[in-house]
Amino acid sequence: MADEVILLDFWASPFGMRTRIALAEKGIEYEYKEENLADKSRLLLKMNPVKKQIPVLIHNGKPVCESLIIVHYIDEVWKHKSPLLPSDSYQRAHAMFWADYVDKKIYSLGRQVWLSSGEEHEAAKNELMGCFKLLEGELGDKAYFGDDTFGIVDVALIPFYSWFYMFEQCANMSIEAECPKLVAWGKRCMEKESVSKSLPDQHKVYDLLMDLKKKILAK
């Protein structure tokens, strides 16, 4: 009997993109259910009653929540192809540290960049660029964060590549000028079908976020 795999998601969610990339890397077929985050489905509220957030992976009727946990789960359950976590215990812990760093820093700072103004905006912009420089230092001259292997740190960070245009427009910055290796890494990742088919157009994301900003500031 084949596995039943359902993904509850929203097209512009960087966290959902992680799950889509991981499933694509493994070649897993699944049913995609787009959520309206302003009117969440009964299925989403049932499958993630604690946080009521996407993405949720439903595997044979059982929900798995939180994007990095989902990616880890996908890697453990479908081991036949494209490992996303190193087999070595230390290397695996090192990768999870950086994936967690991305998880805790980039979204929250990115949100501040496109929503804030004045001193708060400048502080967020500077801290975000500092994070990108730190990540570029960790990347070094490697093809991917997992050396020659596309892995969990790449999966955690690459969805935010779809935000780079927004960052540059909202913060008057050039990520390529400041972090050329990181931008080259992003372009390299986009050459992978699993990534290019999972990430939306940067201009489409920018338009969505600017529309959302108007609605938030109007409240």
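- The structure places CG of Asp3 at 11.5 Å from CD of Glu29, a figure rounded to the nearest 0.5 Å.
- Annotation: side chain of Met96 is in contact with side chain of Leu85 (closest heavy-atom distance under 4.5 Å).
- When hydrophobic clusters are built by joining Ile, Leu, Val, Met, Phe, Trp and Tyr residues whose side-chain heavy atoms come closer than 4.5 Å, directly or via intermediates, Phe10 is grouped together with Ile216.
- Residues Leu23 and Leu57 are in side-chain contact: their nearest non-hydrogen atoms beyond the backbone lie under 4.5 Å apart.
- Not a single donor-acceptor pair under 3.5 Å links the side chain of Lys105 to the backbone N or O of Leu128.
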Could you pull out all donor-acceptor pairs under 3.5 Å where a side-chain atom in residues 158-175 meets a protein atom, sequence neighbours excluded?
from	atom 1	to	atom 2	distance (Å)
Ser162	OG	Pro159	O	2.6
Glu168	OE2	Ile175	N	2.9
Ser174	OG	Ala177	N	3.1

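- In terms of heavy-atom proximity, Thr19 sits nearest to Ile70 at CG2-CG2, 3.6 Å.
- The list of salt bridge (Lys or Arg N to Asp or Glu O under 4.0 Å) pairs with a residue in residues 79-102, not counting sequence neighbours, reads Asp100-Lys104.
- Here the side chains of Trp98 and Leu134 are in contact, with some heavy-atom distance below 4.5 Å.
- If you run ring pair (Phe, Tyr, Trp, His ring centres under 6.0 Å) between Tyr107 and each of Tyr101, Phe15, Trp114, only Phe15 comes through.
- Using a 4.5 Å heavy-atom threshold, the side chains of Leu199 and Met190 count as touching.
- Looking at Lys51 and Glu66, their side chains come closer than 4.5 Å, going by heavy atoms from C-beta outward.
- The 12-atom threshold is exceeded at NZ of Lys213, counting heavy atoms of other residues, nucleotides or ligands nearer than 6.0 Å.
- Counting all heavy atoms, side chain and backbone alike, Pro55 lies closest to Leu7 at CB-CD1, 4.0 Å.
- Side-chain atoms of Lys142 come within 3.5 Å of backbone N or O of Leu139 as a donor-acceptor pair.
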Inset, instruction - Show the numbers, then the answer: is there a side chain to side chain contact (heavy atoms under 4.5 Å, CB included) between Asp75 and Ile152? - result: CA-CA 9 Å; Asp75 197 47; Ile152 194 165; over 6 Å; no
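- Connection of Leu45 to Leu37 is not established within any shared hydrophobic cluster, with ILVMFWY side chains joined at heavy-atom distances below 4.5 Å, either directly or through further cluster members.
- Note that CG of Leu109 is 4.5 Å distant from CD of Glu127, once rounded to the nearest 0.5 Å.
- Legend: residues meeting ring-ring contact (aromatic ring centres under 6.0 Å, His included) with His59, ordered by chain and number and at least two apart, are Tyr73, Trp78.
- Atom CE of Met47 sits about 9.5 Å away from atom OG of Ser41, to the nearest 0.5 Å.
- Here the side chains of Ile21 and Phe150 are in contact, with some heavy-atom distance below 4.5 Å.
- Partners of Glu4 according to the salt bridge (charged side-chain N to carboxylate O under 4.0 Å, His left out) rule, which considers only residues two or more places apart in sequence or in another chain, do not exist here.
- Applying the salt bridge (charged side-chain N to carboxylate O under 4.0 Å, His left out) test to Glu193 and every residue at least two apart in sequence or in another chain returns Lys197.
- The shortest non-hydrogen separation linking Ala99 to Val153 is N-CG2, 4.1 Å.
- Put simply, the side chain of Cys131 reaches to within 4.5 Å of the side chain of Ile106, judged on heavy atoms.
- Residues Met17 and Ser67 are not in side-chain contact: their nearest non-hydrogen atoms beyond the backbone lie 4.5 Å or more apart.
- Nearest heavy-atom pair across Glu136 and Lys181 is OE2-N, 2.7 Å.
- Residue pairs that meet the salt bridge (Lys or Arg N to Asp or Glu O under 4.0 Å) test with at least one member in residues 34-44, sequence neighbours left out, do not exist here.
- Inspection of the His94 and Glu138 side chains reveals an N or O donor paired with an N or O acceptor under 3.5 Å.
- Minimum interatomic distance between His80 and Ile28 (heavy atoms only, all atoms of both residues): CE1-CD1, 4.0 Å.
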